[in-house]
S.K.: 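Please see the structure below; I have some questions.
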Number of protein chains: 2
Amino acid sequence: MSENAREAILEAARRKAQAHGYGGLNLRDIASDVGIKAASIYYHFPGKAELGAAVAKRYWEDTAKNLEALTTQIGDPIKALNAYPGLFRRSLEEENRMCLCSFMAAEYDDLPDAVKTEVQAFADINVAWLSTMLAAALIPKAKCQTRARAIFAAVAGAQLIARSRADLSLFDALINSFREAGLMPK
Amino acid sequence: MSENAREAILEAARRKAQAHGYGGLNLRDIASDVGIKAASIYYHFPGKAELGAAVAKRYWEDTAKNLEALTTQIGDPIKALNAYPGLFRRSLEEENRMCLCSFMAAEYDDLPDAVKTEVQAFADINVAWLSTMLAAALIPKAKCQTRARAIFAAVAGAQLIARSRADLSLFDALINSFREAGLMPK
DNA sequence: TCAAACCTGCCAAACGTTAGGTAGGATAAA
DNA sequence: TTTATCCTACCTAACGTTTGGCAGGTTTGA
């Protein structure tokens with residue numbers, strides 16, 4: 001349990017934030033999940049803002065690792081692109097959670113600056129990866145960045161809508177429709 | 001102070017909710033915007049949940065009117081479809097707000113049931129309108145519903161991403177990209 | 001006169017945060 | 001080897017603030 005409390009706090013906070021957002025985060029609930037008291041969180045983090053920033057940073061770092069794994073494990077860039085929505089699907093599979101940074105994108109006005117920075121980093125690494133894959137898949141280089149952003153936005157939107165119905169098959173149908181329409185490669 | 005306080009409350013609450021979500025709503029701020037005291041809101045609404053539901057209901061009713069206006073003012077269904085993202089653009093134009101129901105879709109877990117109902121109604125009328133336009137634009141009827149949902153999700157996603165950068169031109173670029181990819185008609 | 005519309009003034013709960021304390025292990029000096 | 005000191009990782013208790021909500025009084029206009 002207390003092998004590494006800092007890590008446990010980060011994970012509990014991430015889970016809660018994926019379901020309730022930054023505003024919906026509260027230190028007592030997080031502490032309760034970890035098995036400590038709320039005040040003890042202040043031993044590991046200066047405050048809620050820094051905890052939120054740490055959670056968001058860890059989140060995009062983990063995502064970056066997952067994207068790299070897609071690149072290396074799947075050779076073909078088109079197949080890798082096909083696997084991309086699966087990352088967002090997994091959040092829905094875990095108790096209908098959503099992408100931490102999509103939620104925080106909605107809350108953007110009320111986010112501490114340190115958190116805003118990490119949320120933007122998440123979008124940046126996603127678009128960068130998608131852009132690289134598109135470039136490798138023979139798409140004209142001038143259009144890669146634009147198309148990458150479009151895919152990112154569409155997948156995020158699909159997750160948002162599917163979540164509000166708690167319907168995994170709706171997410172699949174939406175992604176499928178993106179493919180069929182030509183937004184993403186088949 | 002005002003001719004019809006109930007309407008003023010609804011509008012102030014809608015503005016706040018479009019920027020901060022349901023969780024970010026608080027009665028004192030709303031009252032202050034209207035020019036009354038928080039307790040007076042209870043004269044017009046039983047509580048926060050009912051106010052939230054009323055706001056969301058009014059929101060999709062207004063959207064339904066706007067969609068109908070698009071249909072009647074623009075004869076051509078393809079041109080009407082082209083004008084659709086403009087509705088979402090307007091929210092961003094107004095102090096970088098977002099679609100009330102996109103925000104609430106993220107907060108879905110924490111929404112009172114009465115609010116959930118109205119949020120879903122918003123999605124339903126959007127998809128229904130899009131589906132009708134697509135059908136009128138010679139798209140095979142079997143695929144209209146699916147495509148309509150895809151467009152709705154994609155536009156919502158584009159708004160979410162553009163908002164987190166406070167960048168209207170990014171929204172335009174995303175929509176443009178959707179068109180170029182073939183998701184939406186040109 | 002009477003009801004609609006709004007007020008003052010409070011409450012309990014929940015929030016982030018801080019102060020101060022403590023059990024137990026590590027470290028260092030004798 | 002013992003003793004004094006310090007550190008880690010938590011605790012309890014409380015702070016000030018904000019929240020939704022409510023009881024009951026006051027103003028206003030027809």
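Proteins come first, then strands; the chains are lettered A, B, ... in the order of their sequence lines, and each starts at number 1.
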S.K.: For A:R15 and A:E11, run salt bridge (Lys or Arg N to Asp or Glu O under 4.0 Å): C-alpha distance rounded to whole Å, both residues' side-chain angles, the deciding distance at 0.1 Å, then the answer.
M.R.: CA-CA 6 Å; A:R15 285 171 177 272; A:E11 191 181 317; 3.6 Å; yes
S.K.: Taking atom types as modelled and ignoring hydrogens, do the side chains of B:R163 and B:Q159 form a donor-acceptor contact shorter than 3.5 angstrom?
M.R.: no
S.K.: Are A:W129 and A:F88 connected into the same hydrophobic cluster when the rule is that any two of I, L, V, M, F, W, Y join if their side-chain heavy atoms are below 4.5 Å apart?
M.R.: yes
S.K.: Expressed as a whole number of angstroms, how long is the span from A:K37:NZ to C:dA19:P?
M.R.: 21 Å
S.K.: When rounded to the nearest 0.5 angstrom, what is the spacing between CG in B:N82 and CZ in B:R179?
M.R.: 4.5 Å
S.K.: How close or far is atom P of C:dA13 from atom CG of A:N26, stated in whole angstroms?
M.R.: 16 Å
S.K.: Going hydrophobic residue to hydrophobic residue with side-chain gaps under 4.5 angstrom, can you get from A:I78 over to A:L130?
M.R.: no
S.K.: So if I take residues 39-52 of chain B and measure heavy-atom distances to DNA chain D, which residues fall below 4.0 Å?
M.R.: B:A39, B:Y42, B:G47, B:K48
S.K.: Apply salt bridge (Lys or Arg N to Asp or Glu O under 4.0 Å) to the pair B:D109 and A:R97, showing each step before the final yes or no.
M.R.: CA-CA 9 Å; B:D109 284 0; A:R97 277 184 252 271; over 6 Å; no
S.K.: Rounded to whole Å, please give me the gap between CG in B:L27 and C1' in C:dA13.
M.R.: 15 Å
S.K.: Whole angstroms only, please: what is the CZ-P distance between A:R28 and D:dC11?
M.R.: 13 Å
S.K.: Could you state the CD1-P distance from A:I36 to C:dT22, rounded to the nearest angstrom?
M.R.: 20 Å
S.K.: By a strict heavy-atom criterion of less than 4.0 Å, which residues belonging to residues 18-25 of chain B are in contact with DNA chain C?
M.R.: none
S.K.: Can you tell me how far C1' of D:dA9 sits from CD1 of A:I9, to the nearest Å?
M.R.: 10 Å
